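Structure record follows, encoded as structure tokens.
Scope of the values below: all heavy atoms of this structure, side chains included, with no hydrogens, waters or symmetry mates. Please read all numbers here as calculations on a predicted model, not as lab measurements.
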Amino acid sequence: KKLKSPSNRKPAQRLDFRNETIITIDPEDAKDFDDALSLKSLPNGNYQLGVHIADVSYYVKESSSIDIEARKRATSIYLVDRVIPMLPEELSNEICSLKPNEPRFTFSVIAELTPEAEVVNYHISETLIRSSRRFTYDEVQQIIDTGKGDYVELILELHKLAQTLKEKRYQNGGILFDTVEYKFVLDEKKFPKQVKLKQTTPATSLVEEFMLLANQIVALHVDKIRKEFNMRKPLPYLYRIHDEPDPKMLKTVLKFISSFGYKLNKKKITSKDINELLIKVQDTPEKNIVNQVLIRSMPKAIYSAQNFGHFGLGFTHYTHFTSPIRRYPDLFVHRLLKEMLAGTNLSAEGRLRRIQSLQAVAEHSSIRERVAMEAERECLALKKIELMQEKIGQEFDGYVSGVQRYGMFVELQEFFVEGLV
């Protein structure tokens with residue numbers, strides 16, 4: 001069928017947010033915009049936050065040909081020089097993408113927050129929005145730095161609230177890793193000419209904190225429904241879980257970090273202990289290496305039909321809801337939520353039907369995520385090799401980024417290329 005964009009008529013049972021100021025914030029080269037934000041002050045001094053997510057499930061019906069292929073892929077793969085999308089580009093880049101000045105169907109978390117970022121009320125609804133402006137991370141960062149630009153009051157308020165959320169998350173045990181990513185500058189033949197460092201900024205944190213909040217609210221909402229209906233067993237749901245690190249692996253990493261003069265002499269290492277260590281290295285030359293080796297010591301987060309909490313974020317309940325264009329679990333979660341809102345999966349029969357398929361989706365999505373990450377890593381490694389081919393015989397500054405019995409890893413400071421000595 002030829003899929004159509006939403007019309008300008010108000011659909012039944014959808015909240016109409018087309019007259020609200022709503023913005024998207026994404027990387028400069030992004031083509032699919034699946035999340036948008038709104039914020040307004042309430043008479044009682046609180047804020048009404050809107051996290052609006054593309055309603056992909058409206059278009060991709062369960063067990064349809066597109067759904068079967070999307071489930072098989074489970075994720076979009078972001079390589080250095082191309083994207084292998086989970087969904088057809090007519091959907092991911094066009095009809096579902098939250099483009100400026102275009103009406104779009106969304107699934108939204110509308111939360112009332114105090115200035116201290118405490119959630120006092122919320123509701124989850126199908127909505128219709130029209131994005132007012134598309135921002136890049138760099139544009140938002142410039143507004144945060146200068147206090148000037150389009151929608152400056154909105155962005156500064158969002159920034160202030162996001163920083164409060166981040167601080168709260170840290171206090172509750174979330175680990176604030178300073179992650180490092182790289183971006184290649186390619187020529188017309190897609191050959192790498194330069195590599196740039198991409199670090200977490202207040203602009204990227206702004207978006208991340210609100211996505212984390214929405215994901216947490218949605219996961220907590222499922223438990224709230226179970227309690228309201230006095231259900232002894234959990235409702236069928238898909239969680240994003242993260243286990244505690246392996247004590248032996250963590251001990252090995254902490255031994256390496258102790259060579260820099262940082263010691264943790266505790267039998268049981270908590271997330272707060274790790275955070276205190278990260279704060280100590282914040283403005284030191286060894287900051288990047290300490291962050292890297294600690295990240296490597298953490299287990300991988302996975303999808304699960306059972307909730308075991310998220311160690312890295314410090315959350316008791318967490319799911320993936322905010323990226324249905326590029327992640328199948330998020331699309332699946334949207335369907336589960338819609339069934340709960342309609343009351344169709346609250347019956348014993350409805351729960352049984354979903355439980356049978358949940359774990360299979362969780363396991364397959366976790367496997368496909370690892371495959372995608374490995375492909376992305378291999379592509380990065382390939383581009384680094386291409387970049388360094390012309391530099392054989394030259395000398396560069398580097399630092400030791402890891403030590404094993406068989407040698408030490410050294411990363412070149414100028415190109416972020418790691419090799420074994």
- Test Leu128 against Phe105 for side-chain contact (heavy atoms from CB on, under 4.5 Å), laying out the working first. CA-CA 5 Å; Leu128 176 65; Phe105 289 149; 3.7 Å; yes

State the [atom1]-[atom2] distance between [X] and [Y], to the nearest 0.5 angstrom.
X	Y	atom1	atom2	answer
His317	Asn215	NE2	CG	14.0 Å
Leu79	Ile77	CG	CD1	6.5 Å
Leu235	Met340	CG	CE	5.0 Å
Thr204	Glu181	OG1	CD	9.0 Å
Ile84	Arg326	CD1	CZ	15.0 Å
Asn172	Tyr170	CG	OH	11.5 Å

- Message: Tell me if the centroids of the rings in Phe107 and His334 come within less than 6.0 Å of each other.
- Response: yes

- Message: Taking the six-membered ring for Trp, are Tyr303 and His320 closer than 6.0 Å centroid to centroid?
- Response: yes

Output yes when [X] and [Y] qualify as a salt bridge under the 4.0 Å nitrogen-oxygen rule, no when they do not.
X	Y	answer
Asp67	Lys61	no
Glu209	Lys166	no
Glu62	Arg354	yes
Lys31	Asp26	no
Asp283	Lys287	no
Glu386	Lys190	no
Glu374	Arg377	no
Arg240	Glu369	yes
Glu28	Lys198	no
Asp187	Lys189	no

[Y] backbone acceptor or donor facing [X] side chain under 3.5 Å:
X	Y	value
Thr127	Thr106	yes
Arg368	Thr75	no
Thr114	Glu116	yes
Asn275	Phe177	no
Glu363	Ala360	no
Gln141	Ala203	yes
Ser38	Ile22	no
Glu376	Tyr78	yes
Ser125	Val109	no
Thr164	Lys160	yes

Does a side-chain heavy-atom distance below 4.5 Å link [X] with [Y]?
X	Y	result
Phe191	Gln389	yes
Gln194	Phe184	no
Ile289	Val400	no
Thr24	Asp35	no
Tyr318	Asn307	no
Leu161	Leu39	yes
Val410	Tyr399	no
Glu89	Pro85	yes

Can you tell me how the ring of [X] sits relative to the ring of [Y], calling it parallel under 30°, perpendicular over 60° and tilted otherwise?
X	Y	value
His242	Phe311	tilted
Tyr237	Tyr239	perpendicular
Phe260	Phe256	perpendicular

Are there over 12 heavy-atom neighbours, none belonging to [X], within less than 6.0 Å of that residue's [atom1]?
X	atom1	result
Asp29	CG	yes
Glu378	CD	no
Glu228	CD	yes
Lys391	NZ	yes

- Query: Does any donor atom in the side chain of Asn44 or Glu112 lie under 3.5 Å from an acceptor atom in the other side chain?
  - Reply: yes

- Item | Evaluation steps, salt bridge (Lys or Arg N to Asp or Glu O under 4.0 Å), between Glu418 and Arg296 | CA-CA 15 Å; Glu418 192 177 56; Arg296 289 171 186 170; 3.6 Å; yes

- Task: Over all heavy atoms of both residues, which pair between Ser297 and Leu250 is shortest? Give the atoms and the distance, please.
- Result: OG-CD1, 3.7 Å

- Task: Write down the atom of Val51, the atom of Phe210, and the distance for their closest heavy-atom approach.
- Result: CG2-O, 3.9 Å

- Item | Ile241 and Asp243: CA distance, side-chain angles, deciding distance, side-chain contact (heavy atoms from CB on, under 4.5 Å) verdict | CA-CA 7 Å; Ile241 62 169; Asp243 205 355; over 6 Å; no

- Query: Hey, mind stepping through Lys168 and Glu118 against side-chain contact (heavy atoms from CB on, under 4.5 Å) and telling me if it holds?
  - Reply: CA-CA 9 Å; Lys168 258 186 64 184; Glu118 292 289 339; 3.5 Å; yes

- Task: Establish, yes or no, whether the cationic atom of Lys384 lies under 6.0 Å from the six-membered ring centre of Tyr182 and within 45° of the ring axis.
- Result: yes

- Quiz item: cation-pi between Arg73 and Tyr328, 6.0 Å / 45°: no

- Message: Here's a test for you: under side-chain contact (heavy atoms from CB on, under 4.5 Å), which of Leu176, Asp273, Ile175, Asp178 qualifies with Leu278?
- Response: Ile175

- Any chance you could lay out the salt bridge (Lys or Arg N to Asp or Glu O under 4.0 Å) test for Glu20 and Arg130, step after step, and finish with the verdict? CA-CA 8 Å; Glu20 300 280 340; Arg130 184 187 288 111; over 6 Å; no

- Message: The test is side-chain contact (heavy atoms from CB on, under 4.5 Å); show your working for Leu277 and Leu254 and say whether it passes.
- Response: CA-CA 10 Å; Leu277 177 58; Leu254 291 174; 4.0 Å; yes

- For Asp55 and Lys338, run salt bridge (Lys or Arg N to Asp or Glu O under 4.0 Å): C-alpha distance rounded to whole Å, both residues' side-chain angles, the deciding distance at 0.1 Å, then the answer. CA-CA 11 Å; Asp55 190 359; Lys338 286 185 178 183; 2.8 Å; yes

